[in-house]
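Okay, so here's the structure we're looking at.
Note that the coordinates shown come from a computational prediction; the quantities given were computed from them, not determined experimentally.
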Amino acid sequence: MPDCDLCQAINPDVDDCTLQRHLHTSQQRVVAANECAAAVPTIGAFVPGYLLVVPTTHVLSLGQLSDDELEGVQDLAHDLADQLHQVYRRPILSFEYGLNLPAARRIGHGHLHMLPSTADLGEWIARRVPGYEIASYTQVPRGTDTSYITVRDQTGTLTCYPVPNDVFPRIRLREVVAQLDPQIEDTAWDWETHPFPELMRNTVEDLTTVKPPARPSAAYRVRAHR
């Protein structure tokens with residue numbers, strides 16, 4: 001989709017796009033990818049390490065992907081969760097609002113949010129919307145007749161919360177996370193108003209710079225050569 005910001009963001013043949021304008025010209029946008037999805041820093045990265053996992057197929061929600069594509073998204077997200085935890089030493093939260101109503105979305109390309117955060121988003125949603133545990137993203141509601149929210153909490157538990165397409169008021173998940181996580185300013189949730197370009201650039205640097213292995217201490221070197 002030539003007019004889709006996320007399609008442009010993950011397309012290596014596109015040099016100039018909305019996401020690139022928030023990064024240094026020399027910085028890459030995609031920090032990890034496989035055949036089914038790519039990960040980019042989100043505009044509005046209110047914490048370092050905040051990524052979007054974007055399927056290479058243009059769909060409104062992950063639930064419109066094939067099983068093979070969903071497994072590819074899940075594989076990439078699993079690897080990224082490990083990397084994010086190693087880099088930032090914080091628990092990792094993932095969520096998607098699978099909103100299948102084009103007119104209600106600012107971004108019409110489904111994506112999975114991943115970020116280092118202690119926010120208990122699942123508990124907050126569970127007090128308002130009935131949900132159920134699922135073993136894989138391949139078990140999210142399919143088609144366009146209904147929408148859903150998924151949350152993979154900091155323990156790795158994946159929960160799905162079906163919601164009507166026309167639910168009002170709509171839950172704004174970024175706003176909820178900002179309210180629940182003490183490291184985030186409550187009012188900084190809107191990505192258009194608060195893009196946080198510096199944290200976006202730091203995220204790319206953190207996740208793409210190859211750091212040299214730590215040198216062993218002098219005491220270790222002595223022991224190793226005995």
Look at the side-chain heavy atoms of Ile, Leu, Val, Met, Phe, Trp and Tyr, link any pair under 4.5 Å apart, and say whether Val14 and Leu23 land in one connected group. no

Between OH of Tyr88 and CG of Leu115, what distance do you get to the nearest 0.5 Å? 11.0 Å

Mind checking whether Ile107 and Leu60 sit in one hydrophobic cluster, side chains of I, L, V, M, F, W, Y counted as touching below 4.5 Å? no

Do the two ring centres, one from His113 and one from His111, sit under 6.0 Å apart? yes

Donor-acceptor pairs under 3.5 angstrom involving side-chain atoms of residues 30-47: please list them, not counting sequence neighbours.
{"unit_1": "Asn34", "atom_1": "OD1", "unit_2": "Cys36", "atom_2": "N", "d": "2.9"}
{"unit_1": "Asn34", "atom_1": "OD1", "unit_2": "Ala37", "atom_2": "N", "d": "2.9"}
{"unit_1": "Asn34", "atom_1": "ND2", "unit_2": "Gly72", "atom_2": "O", "d": "2.9"}

Do Val151 and Leu158 come close enough that some side-chain heavy atom pair is under 4.5 Å? no

Is it true that Tyr148 and Glu96 share a donor-acceptor pair across their side chains at a distance under 3.5 Å? yes

Filter on salt bridge (charged side-chain N to carboxylate O under 4.0 Å, His left out), then keep only pairs touching residues 158-177, sequence neighbours left out; what's left? none

Please report the shortest heavy-atom distance between Ile10 and Pro55, naming the atom on each side. CD1-O, 3.7 Å

Which atom pair, heavy atoms only, marks the closest approach of Asn100 to Ser61? OD1-OG, 2.8 Å

For Cys7 and His109, which heavy atoms make the closest approach, and how far apart are they? SG-ND1, 3.4 Å

Side-chain donor or acceptor of Tyr161 paired with backbone N/O of Gly122 under 3.5 Å: yes

Exactly one of Pro116, Pro91, Ser94 should register a side chain to side chain contact (heavy atoms under 4.5 Å, CB included) with Gln154. Which one does? Pro91

Ionic contact status for Glu123 with Arg127, cut-off 4.0 Å: yes

Any idea which heavy atoms bring Leu70 and Thr138 closest together, and the distance? CD1-CA, 3.7 Å

Any donor-acceptor pair under 3.5 Å linking the side chain of Arg29 with the backbone of Gln8? yes

Pair Asp153-Thr155, side-chain donor/acceptor within less than 3.5 Å: yes

SB check Asp67 Arg142 (cutoff 4.0 Å): yes

